[in-house]
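Some notes on the structure that comes next.
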There are 2 protein chains.
Amino acid sequence: MTHSEENYLKAIYHLTSVLENEISTNAIAEKMETKASSVTDMLKKLADKDLVHYKKYQGVSLTNKGLHSAKMIVRKHRLWEVFLVEKLAFSWDEVHDIAEQLEHIKSEQLVNKLDAFLNFPTEDPHGDPIPNAEGNIIKVEKQLLSELQEKQTGICVGVKDTSSEFLQYLDKQGISLGSKIEIKSREIFDLSLKISINGNEMTISNKIASNLFVRKV
Amino acid sequence: MTHSEENYLKAIYHLTSVLENEISTNAIAEKMETKASSVTDMLKKLADKDLVHYKKYQGVSLTNKGLHSAKMIVRKHRLWEVFLVEKLAFSWDEVHDIAEQLEHIKSEQLVNKLDAFLNFPTEDPHGDPIPNAEGNIIKVEKQLLSELQEKQTGICVGVKDTSSEFLQYLDKQGISLGSKIEIKSREIFDLSLKISINGNEMTISNKIASNLFVRKV
DNA sequence: TATATTTTTTAGTTTTGTCTAAAAATTTAT
DNA sequence: ATAAATTTTTAGACAAAACTAAAAAATATA
Ligand SMILES: [Mn+2]
Ligand SMILES: [Mn+2]
Ligand SMILES: [Mn+2]
Ligand SMILES: [Mn+2]
């Protein structure tokens with residue numbers, strides 16, 4: 001499997017969890033920042049290899065084989081991110097691009113030894129789940145901070161936007177995975193929130209709150 | 001720089017240390033298991049990018065820029081090999097192919113953090129020197145075991161052949177980097193050696209002895 | 001329903017890296 | 001010095017992965 005094929009599988013996998021039904025050519029093109037015609041070419045190739053179900057004009061979905069491959073790529077991506085943060089002291093906003101390269105390294109033994117070296121983590125530095133060697137994922141129930149009611153409290157367990165801009169903003173505000181956040185009040189006008197985080201009071205916009213995952217406590 | 005360009009630079013670099021003078025198209029083709037015509041094509045491209053000095057029919061050599069790039073690839077290859085052996089518990093005969101992939105990961109920060117994580121090793125698991133961030137190499141004087149005289153003793157500091165067959169043979173015989181080897185006697189007929197290694201006596205062929213580097217003591 | 005708009009596919013190019021076959025240059029042998 | 005052998009380069013082709021422009025299909029609108 002080529003890097004390009006792997007990137008397409010991964011894109012389809014990620015779109016599947018957001019869009020539920022069949023994935024459109026255009027959705028893939030947008031996600032991969034490429035042209036729809038290139039996507040069509042690749043879908044044919046992936047279909048030939050039994051990695052996707054594809055019918056002209058009808059969108060695409062992963063076969064079992066394709067799903068498993070996609071999960072293994074995501075597994076590698078997230079394990080490498082853990083390695084970079086935990087072992088090499090990268091910060092969580094620096095690791096994505098490097099992991100994009102490392103996820104294509106081919107060696108089952110390597111992934112599994114890396115997994116063991118890292119003590120079989122179940123989540124990456126952004127709170128995303130890491131599939132195990134069989135492809136199984138531990139789902140943690142979580143919701144957006146913006147969905148919490150006034151006076152409710154949550155533990156920050158993930159980010160929806162993983163851009164370094166957003167992650168660096170969170171660093172600046174002292175928000176990280178594990179932070180305890182209480183909604184003090186919600187401003188009706190712009191849905192901004194007054195929160196207390198580890199005792200510290202501050203105001204955050206709705207945009208921020210709808211990119212933070214929390215586990216209610 | 002593409003993977004392929006990097007592989008060519010590395011091949012030329014390795015051939016340079018063996019062949020001294022200008023490197024021939026055929027030597028590169030043989031090393032890379034490709035056709036001479038493919039090599040010619042690539043040499044033109046590398047010359048265009050000022051990575052090699054190339055004159056038709058006259059062979060090729062690395063420019064300063066090309067030499068530095070090659071050293072950085074070798075640096076990555078050998079650091080990753082150290083990582084795989086020291087941290088992930090791979091054996092020294094399993095790491096080369098994985099390092100061939102990892103050497104192409106592009107991130108200066110990654111290499112340097114990995115280097116620090118490994119405590120700035122100067123040699124890889126096969127005894128080959130690791131260029132530092134500036135490309136400098138610590139040369140250790142070493143010679144082939146086959147060059148030692150009777151009654152002389154050496155410490156094993158490297159292997160010339162890094163094939164897994166040879167490395168596994170060494171494992172089986174209990175020979176590793178750091179082993180103290182004394183030449184007890186040399187058989188004139190086939191140049192085989194009776195040696196004692198860490199007290200243990202055994203006989204090895206000339207082929208083995210001329211693939212083992214030692215530091216005389 | 002008929003028409004307009006959007007989405008998707010097809011057709012034809014381009015770039016990279018490879019190949020084979022043939023031509024050109026260099027080296028070796030007579 | 002000439003001929004033979006070897007090495008290297010050129011010419012032309014191909015596969016992968018991208019692109020643009022145009023055609024076809026599906027969807028939305030009047
Ligand atoms: Mn990532
Ligand atoms: Mn992540
Ligand atoms: Mn190696
Ligand atoms: Mn090595």
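Quick note on labels: first sequence line is chain A, next is B, and so on, each numbered from 1. Quick note: numbers below take in every heavy atom, side chains included, and nothing from hydrogens, waters or symmetry partners.
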Any [X] side-chain N or O less than 4.0 Å from OP1/OP2 of [N]:
X: A:T34; N: D:dC19; value: yes
X: A:Y8; N: D:dA16; value: no
X: A:S4; N: D:dA18; value: yes

Mutual orientation of the aromatic rings belonging to B:W92 and B:H126 [parallel < 30°, tilted 30-60°, perpendicular > 60°]: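 B:W92 vs B:H126 ring planes: parallel.
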Judged by atom type as modelled, is there a donor-acceptor pair below 3.5 Å linking the side chain of B:S192 to the main-chain atoms of B:E187?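 It does not hold such a pair.
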Are a donor atom and an acceptor atom from the side chains of B:S24 and B:N26 found within less than 3.5 Å of each other?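 No, no side-chain donor-acceptor contact under 3.5 Å.
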Spacing of [X] atom [atom1] relative to [N] atom [atom2], expressed in whole Å:
X: A:K35; N: D:dA22; atom1: NZ; atom2: P; result: 15 Å
X: A:I23; N: C:dT7; atom1: CD1; atom2: P; result: 16 Å
X: A:M32; N: D:dC19; atom1: CE; atom2: P; result: 10 Å
X: A:I28; N: D:dA18; atom1: CD1; atom2: P; result: 13 Å
X: B:H3; N: C:dT16; atom1: NE2; atom2: C1'; result: 14 Å

State whether B:F83 and A:K87 meet the cation-pi test: NZ (Lys) or CZ (Arg) under 6.0 Å from the six-membered ring centroid, and within 45° of the perpendicular axis.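 Output no; distance or angle outside limits.
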Can you confirm whether A:E30 is buried at CD, in the sense that more than 12 heavy atoms of other residues, nucleotides or ligands lie under 6.0 Å from that atom?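 Check fails, neighbour count at 12 or below.
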Going 5' to 3' through nucleotides 5-10 of chain D, assign each nucleotide B (protein heavy atom under 4.0 Å from a base atom), S (under 4.0 Å only from sugar-phosphate atoms) or - (no protein heavy atom that close). --SBBB
Answer with base, sugar-phosphate or nothing: what part of the nucleic acid does A:S38 contact at a heavy-atom distance below 4.0 Å?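 Counting heavy atoms under 4.0 Å across all strands, the contact made by A:S38 includes a base.
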For the atom pair CD (A:E100) and CD1 (B:I105), what is the distance rounded to the nearest 0.5 Å?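 Spacing of CD (A:E100) from CD1 (B:I105) equals 11.0 Å.
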